[in-house]
*Asks:* 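I'd like to ask you about the structure that follows.
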Amino acid sequence: VVISAAPWSPYWSLSLYATLGQVPPSSTARNISTLPPAQKTTLGPAARRVVESVSSRGGPSPEDRESYEHLVQLSGEG
């Protein structure tokens, strides 16, 4: 599932991926990495929910590993 929101809302996007139990595409991780540090900090709880949701479903696929690891870092668990 690829989600497009206008305007792009990283919190909403991460919340939706957490509900789906899926890792967002690498483009989402790239967009998040360009945000100011203060805004990235506010995304920690949403990233943590994605990590927990994906982990509870067996973890990320090999092709999702890079984006997943980025979310682990963002969540403060890495």
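When reading the values below, keep in mind they use all heavy atoms of this one structure, side chains included, and skip hydrogens, waters and symmetry mates. A quick note: this is a predicted structure, and the numbers were derived from the prediction, not measured.
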*Asks:* Applying side chain to side chain donor-acceptor pair (under 3.5 Å), name anything that partners Ser55, two or more places apart in sequence or on another chain.
*Replies:* Tyr68

*Asks:* Between Thr42 and Gln39, is any pair of side-chain heavy atoms under 4.5 Å apart?
*Replies:* yes

*Asks:* Among residues at least two apart in sequence or on other chains, which ones pass side chain to side chain donor-acceptor pair (under 3.5 Å) with Thr19?
*Replies:* none

*Asks:* Looking at residues at least two apart in the chain, or sitting in another chain, which of them share a side-chain contact (heavy atoms from CB on, under 4.5 Å) with Ser61?
*Replies:* Glu63, Asp64

*Asks:* By side chain to side chain donor-acceptor pair (under 3.5 Å), which residues pair with Glu66, not counting sequence neighbours?
*Replies:* none

*Asks:* With no hydrogens and no angle check, is any side-chain donor or acceptor of Ser13 less than 3.5 Å from a backbone partner on Ser9?
*Replies:* no

*Asks:* Could you list the residues that satisfy salt bridge (charged side-chain N to carboxylate O under 4.0 Å, His left out) with Arg57, not counting sequence neighbours?
*Replies:* none

*Asks:* Using the side chain to side chain donor-acceptor pair (under 3.5 Å) criterion, which residues pair with Ser26? Sequence neighbours excluded.
*Replies:* Arg30

*Asks:* So which atom in Ser33 and which in Lys40 form the shortest heavy-atom distance, rounded to 0.1 Å?
*Replies:* O-NZ, 3.5 Å

*Asks:* Identify the two heavy atoms, one from Ser75 and one from Val72, that lie closest to each other, and give their separation to 0.1 Å.
*Replies:* OG-O, 2.7 Å

*Asks:* Once rounded to the nearest 0.5 Å, what's the spacing between atom OG1 of Thr28 and atom NE2 of His70?
*Replies:* 9.5 Å

*Asks:* Just to verify, which of Leu71, Val23, Leu20 counts as forming a side-chain contact (heavy atoms from CB on, under 4.5 Å) with Val54?
*Replies:* Val23

*Asks:* Could you tell me whether the side chain of Arg49 reaches within less than 4.5 Å of the side chain of Leu14, counting heavy atoms only?
*Replies:* no

*Asks:* Give a yes or no on whether the backbone of Ala18 and the side-chain of Ser53 come within a donor-acceptor separation of less than 3.5 Å.
*Replies:* yes

*Asks:* Quick test of your reading of the model: are Glu69 and Arg65 salt-bridged, counting only N-O distances below 4.0 Å?
*Replies:* yes

